[in-house]
Amino acid sequence: EIIEMADLAAADAGAPIEGLPDELLAAIFAALDPRSLLVVSPLVCCRWRQICGTLRQVTFDTSFAPQSARFRTDPRLLLPALRRFAEVTTLVLRGSAVTDILLHAVAQICPRLVSIDLAKTGRLQGLSQSDFGKRPGPELLQASDPEPAELKLLTHGGVLAFAAACPKLESIDLSQVWYIDQGFLVKLAKTRPRLKRLQAAFTTGDDSFAEITSHLPLLTHIGLEEVNNSSVIEMARHCPHLQSVSLSICWLTEDAVRALVDRPSGLISLRLSRALGLDDGGMRLVAAHCPRLTTLALNTAPEITDAGIADVASACPLLTEVELENCDGLTAASAVVLAERCPKLATVNFNRTGEITDVGVVALAQQCPHLTAVSIGMCSGVTDAAVCALANGARLTRFVAYRCNGLTDASLIALADACPGLVEVNFTDTQVTDRGVMTLAEKCPDLSDVTFTVCSQLTNDAVSALIEHCPNLYRAYFLTCPKMDKAQLLEKHPQIAKRDFGLSSGSTNYFSNVI
């Protein structure tokens, strides 16, 4: 319908872009990078400015202006751009300039805010009880000091004040924010008891998770770290509407798993990382109570075997995402049964699950046509034949195969020929050469993230090909590649100094010499 509107309007428009309907322009703007969306688009014309003002979801990256260090540290300079998006209901904030005073301004400018994502803003300051009452003052907006100290902090008190000032807030994501005090989470739950989604990690303090969830009866998603068995049982009792659970570094007996999954509608998403005690009995409970499960992610679950995965695969045909990273008890049989019984799979991750072989990968290639992301890092039994079959059977955008030592240029060339939409690849410690990387660069222009660390046959020509053919390339790692000359690359391509490029010739530290 939108395309038909565009065709009709374009007939009377002077330029093709002028013929696009507002709805289509809004969809395009929503996919722009933060700088283009926040600064450039609103200044093109009055119509574009008005459309920007109607967007409901915005990513606000405070680091998008590298030419101005002060821009990144003084959030007052961000407020004019933010005021153009007063109708926003979902806001993603990124960067070091996300501080108490910026949150205070967001609460005033965006009264309809429903969801806030602070996952990549660093760490929370101030762990004492006195800090919980701290509220940023509006006078800081007009402070004469060019960089007052208060502008540089994101504190527990500031987040609490923000939550209190946003009456419609239902979701808050603190998943990658460091030093979150559990006492703060208790106060946050009391301040905003109608939260439906809470994600937090890297917490400190006593185990107060049962108390936290006792104040949040409407939760549909929760993500926590270092939760003990009794807290999981209490959490399940306090939150009858849970549909999505993400727990890390926890102890789970069958009683805890039963408490989580034994509810009328079951769970839709279950993510468990380093869940000690989780075994096939827990998987049978998931299979029995969660027929609508679409996401299963298990990281470091050594007691789970192929039988447990078979139970889940048989009972949960709607699975679209399965991550079984570092699960030592699994073999290629798990990949085969998932392929046979879960044809909707789009994402699979078997990183560090060493018994996955060609048999499993070929089964996925033949029976899961919707696959877009596959990770088989450290699966040394996978060869070029399986990757070629996977490339021809799916339209991948992401492929990770680090330390699969048997892979060669044949895999890269097959991926390049069949999957031109690739945006991320990782072939660390494989046998690829310049020929494979150059073919990949020529046929996959959308690449933005590549890793070829410890690839001893690669030279500067591989890097040059990627830079010349992939304009969106921002992150590239070629560490410990002995045939590369870092100085020559910098001289030939000075622009890489502004991107996340890692280059070195002989260091054994994969993450040294990053530009």
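Here the closest non-hydrogen pair linking P193 and P217 is O-CD, 3.9 Å. Scanning all heavy atoms of the two residues, the minimum distance from P369 to P343 falls at CD-O, 4.0 Å. Summarising the geometry of P317 relative to P291, their closest heavy-atom pair is CD-O, 4.4 Å, with the distance given to 0.1 Å. A pairwise comparison of heavy atoms in L473 and A476 identifies CD2-CB, 4.3 Å as the closest pair. Shown here for S230 and N228, the closest heavy-atom pair between the two residues is OG-OD1, 3.0 Å. Taking every heavy atom of both residues into account, S334 and D306 meet most closely at OG-OD1, 2.6 Å.
Contact check on E170 versus R194 returns no salt bridge, with no Lys/Arg side-chain nitrogen under 4.0 Å from an Asp/Glu carboxylate oxygen. Here D449 does not pair with R398 in a salt bridge; the nearest charged N to carboxylate O distance is not below 4.0 Å. Salt bridge status for E321 with K344: absent, with no side-chain N to carboxylate O gap under 4.0 Å. Using a 4.0 Å cut-off between a side-chain N of Lys or Arg and a carboxylate O of Asp or Glu, R352 and D328 do not qualify as a salt bridge.
Panel note: side chain T213, backbone L216; no donor-acceptor pair is recorded below 3.5 Å. No side-chain donor-acceptor contact under 3.5 Å links T300 to the backbone of S273. Checking side-chain atoms of T397 against main-chain N and O of G421 turns up no donor-acceptor pair under 3.5 Å. Remark: side-chain polar atoms of N299 are not paired, donor with acceptor, to backbone N or O of R274 under 3.5 angstrom. A donor-acceptor contact shorter than 3.5 Å links the side chain of R263 to the backbone of P240. Side chain of T353 to main chain of L324: a donor-acceptor pair is present (N/O by atom type, distance under 3.5 Å, no hydrogens or angles). Of the possible donor and acceptor atoms, none in the side chain of N472 sits under 3.5 Å from a partner among the backbone N and O of S448. Within the 3.5 Å criterion, the main-chain N or O of R56 finds a donor-acceptor partner in the side chain of T89. One N or O on the side chain of T191 and one on the backbone of K187 form a donor-acceptor pair closer than 3.5 Å. Here the side chain of H238 pairs no donor or acceptor atom with the backbone of H215 at under 3.5 angstrom.
Under the rule for a ring-ring contact (aromatic ring centres under 6.0 Å, His included), the partners of W48 that lie at least two apart in sequence or sit in another chain are F29. For the side-chain contact (heavy atoms from CB on, under 4.5 Å) test, residues two or more places apart in sequence or in another chain that qualify with S314 are R341. Checked against side-chain contact (heavy atoms from CB on, under 4.5 Å), T253 has the following partners two or more places apart in sequence or in another chain: N229, W251, D255, A256.
A distance of 11.0 Å separates SG in C327 from CD in E303, rounded to the nearest 0.5 Å. If you take CD on E325 and CG on N351, they are separated by 4.5 Å, rounding to the nearest 0.5 Å. Note: L242 CG to M235 CE = 6.0 Å, rounded to the nearest 0.5 Å. Between the NZ atom of K190 and the OG atom of S214 there is a distance of 8.0 Å, given to the nearest 0.5 Å. Taking CD1 of I51 as the reference point, atom CG of L25 lies at 4.5 Å (rounded to 0.5 Å). Rounded to the nearest 0.5 Å, atoms CG (L272) and OG (S248) are 9.5 Å apart.
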Take L267 and V245, measure what side chain to side chain contact (heavy atoms under 4.5 Å, CB included) needs, and give me the verdict at the end.
CA-CA 8 Å; L267 295 177; V245 174; 4.1 Å; yes

Applying side chain to side chain contact (heavy atoms under 4.5 Å, CB included), run through L278 and V257 and close with a yes or a no.
CA-CA 8 Å; L278 185 65; V257 176; 3.8 Å; yes

Apply the test side chain to side chain contact (heavy atoms under 4.5 Å, CB included) to residues Y477 and T428: give CA-CA distance (whole Å), side-chain angles for both, the deciding distance (0.1 Å), then the verdict.
CA-CA 9 Å; Y477 280 85; T428 290; over 6 Å; no

Taking it one step at a time, do V159 and F184 satisfy side chain to side chain contact (heavy atoms under 4.5 Å, CB included)?
CA-CA 9 Å; V159 177; F184 154 76; 3.7 Å; yes

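Within the 4.5 Å cutoff, no side-chain heavy atoms of L319 are placed close to those of T294. Looking only at side-chain heavy atoms (C-beta outward), L371 and L364 come within less than 4.5 Å of each other. Here the side chains of F162 and V106 are in contact, with some heavy-atom distance below 4.5 Å. Between L447 and L422, some side-chain heavy-atom pair lies under the 4.5 Å cut-off. Residues V88 and L113 form a side-chain contact, since some pair of their non-hydrogen atoms from C-beta on lies under 4.5 Å apart. The closest side-chain heavy-atom distance from I180 to L185 is below 4.5 Å. You'll find the side chain of L396 reaches within 4.5 Å of the side chain of L390, heavy atoms only. Between L318 and L293 the shortest side-chain heavy-atom distance does not fall below 4.5 Å.
Of the N and O atoms on the side chains of Q199 and H221, at least one donor lies less than 3.5 Å from an acceptor on the other residue.
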